[in-house]
Number of protein chains: 2
Amino acid sequence: MVDSKAQPMVGRQRTGRDPVRTQAVILEAATAEFAEKGIGGARVDTIAQRAGTNKRMLYHYFGDKIGLYVAVLEAAYAAIRSAERKLDITQKEPEEALSELARFTWHYFLDHPEFISLLNTENLHRAVHLKGSPRLREMHSHLVTELEQVLKRGVELGVFRAGIDPLNVYLTIASLGFFYLSNRHTLSVIFGRNLTEPERLAEWEEHLVRTVLASVKAE
Amino acid sequence: MVDSKAQPMVGRQRTGRDPVRTQAVILEAATAEFAEKGIGGARVDTIAQRAGTNKRMLYHYFGDKIGLYVAVLEAAYAAIRSAERKLDITQKEPEEALSELARFTWHYFLDHPEFISLLNTENLHRAVHLKGSPRLREMHSHLVTELEQVLKRGVELGVFRAGIDPLNVYLTIASLGFFYLSNRHTLSVIFGRNLTEPERLAEWEEHLVRTVLASVKAE
DNA sequence: CAGAATTGTAACTATCCAGTTACTTGCCTA
DNA sequence: TAGGCAAGTAACTGGATAGTTACAATTCTG
């Protein structure tokens, strides 16, 4: 999610002055630590160790623990928005477009469980950090606007029913993708099944796509 | 979620020996504290204050902070299972039964945001506390079995399509209800809308019910 | 009314942890 | 090659916190 050249410097000699790379490895280590343990459980010393640097650097670049967490959250949003911009669904048939958006979202969550965890952490804290971020505008998703166009063409073609709020469709996709993965631990225990077996994941993906299409289907 | 006679004893004199009630007020205060702050952010002294008792009592009855948290989690599961047992969907028309289950789940989550938060906390910790609970069996939901019967009758009547895993329908309902409320803070910031306005909540409830029914509809 | 049980008080311990300080080391460039 | 800059070291401070201790106070029942 951060610059791919970022790598912990554990077991390495100093490689020279590179503030951008130092910040990147700190951010990556902090992402893992905050995602695994939340704000209250994350430890500054552990983040420094995981990054292969020292905590003087953390305070030098990010100010304090919360400043580091905010940078992690902003980077996480930047990453998903960057990935979303690579998706262009407006040039496809409506049903295909919607399927593609649904699969993209599912696979993004599947490949980025740390993003799910960070969202849960931020909601636990009532989004106070997100609200205070000057980069808020960058976190908006253009996909709802694109989705609006897709739904409109679907209505025109007679495959989608009219009167659907695109935000609701976006939230339907996100709901089905997020909940399954976010709650995989408790659900696996409660239902006595391993929800993260490859077959189950593939089955849920098909169920997700089918449900989203069914929810907008013309009668 | 806990015994209704539980009430904080703040500002009250000692009201006599009542270990059941003392434990109940501690559990209620602890539920609020763990739900609002997670395990790492919750404070034992604050729980005692919120309960109107002292922390000697917390350690006396629950052993330690984690023991208290586990008791909170078990009580939360007991409460939703108790509420679920009052629901009988097997005697209704399949579509009505499914609608009722969907609305019940939505309203349960709406009325119990602390349950949502505790589930997120427990998943952050990979359900290690849940796994270790001797009350695990009590946490299973009988509703999947009932749902299986409802789906079967729906297929027989020709209103539902065949081959649907009842667990997937249950997860669909839970997904749509859970995600919206769990992420209400970040989503409200990102999309610039207050997702918890009464009109939005009512609209989402209708969308939830419609989507669940559409997902099982016979073709 | 005495004793048992529940609940309370307040000080305490030991540990943890965010953040700071004062310096040192190493790299790179003019 | 000297100096500036990035990065590192390690001790430290101050405060927070879970959990404990040793007793006291209150309630209620046999």
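Every chain is numbered from 1, with letters handed out A, B, ... down the list of sequences.
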*Polar contact flag, side-chain donor to acceptor under 3.5 angstrom, A/Glu84-A/His142*: no
*What pairs with B/Glu74 under side-chain contact (heavy atoms from CB on, under 4.5 Å), at least two apart in sequence or on another chain?*
B/Val70, B/Ser133, B/Pro134, B/Arg135, B/Met139
*A/Gly40 or A/Arg56, whichever maps to the more 5' nucleotide of DNA chain C*: A/Gly40
*Any idea which of C/dT7, D/dA7, C/dA18 is nearest the B/Pro19 side chain?*
C/dT7
*Are the side chain of A/Trp204 and the backbone of A/Leu176 linked by a donor-acceptor contact shorter than 3.5 Å?*
yes
_Please classify the nucleic acid contact of B/Ala48 as base, sugar-phosphate, or nothing, using heavy-atom distances under 4.0 Å._
nothing
*In whole angstrom, what separates B/Gln49's CD from D/dA16's P?*
14 Å
*Give the nucleotide from the list D/dA7, C/dC16, C/dG8 with an atom nearest to the side chain of A/Met57.*
D/dA7
*Answer yes or no: does a side-chain N or O of A/Thr22 lie under 4.0 Å from OP1 or OP2 of D/dA7?*
yes
*Quick one: A/Lys55 NZ to D/dA6 P, roughly how many Å, whole number?*
22 Å
*asked:* Both B/Asp45 and A/His60 contact DNA chain D. Which one's nearest nucleotide lies toward the 5' end?
replied: A/His60
*Spacing between B/Tyr61 atom OH and D/dG19 atom P, to the nearest angstrom*: 18 Å
*Between C/dC17 atom P and A/Leu58 atom CG, what is the distance in whole Å?*
15 Å
*Roughly how many Å is it from CG in A/Asp18 to P in C/dG26, rounded to a whole number?*
19 Å
*Mind calculating the distance between CZ (B/Arg43) and C1' (C/dC16) to the nearest angstrom?*
11 Å
*So, does B/Lys37 use its side chain to make a donor-acceptor pair with the main chain of A/Gly40 at under 3.5 Å?*
no
_Could you check whether the side chain of A/Lys65 and the base of C/dG19 have a donor-acceptor pair of N or O atoms closer than 3.5 Å, going by distance alone?_
no
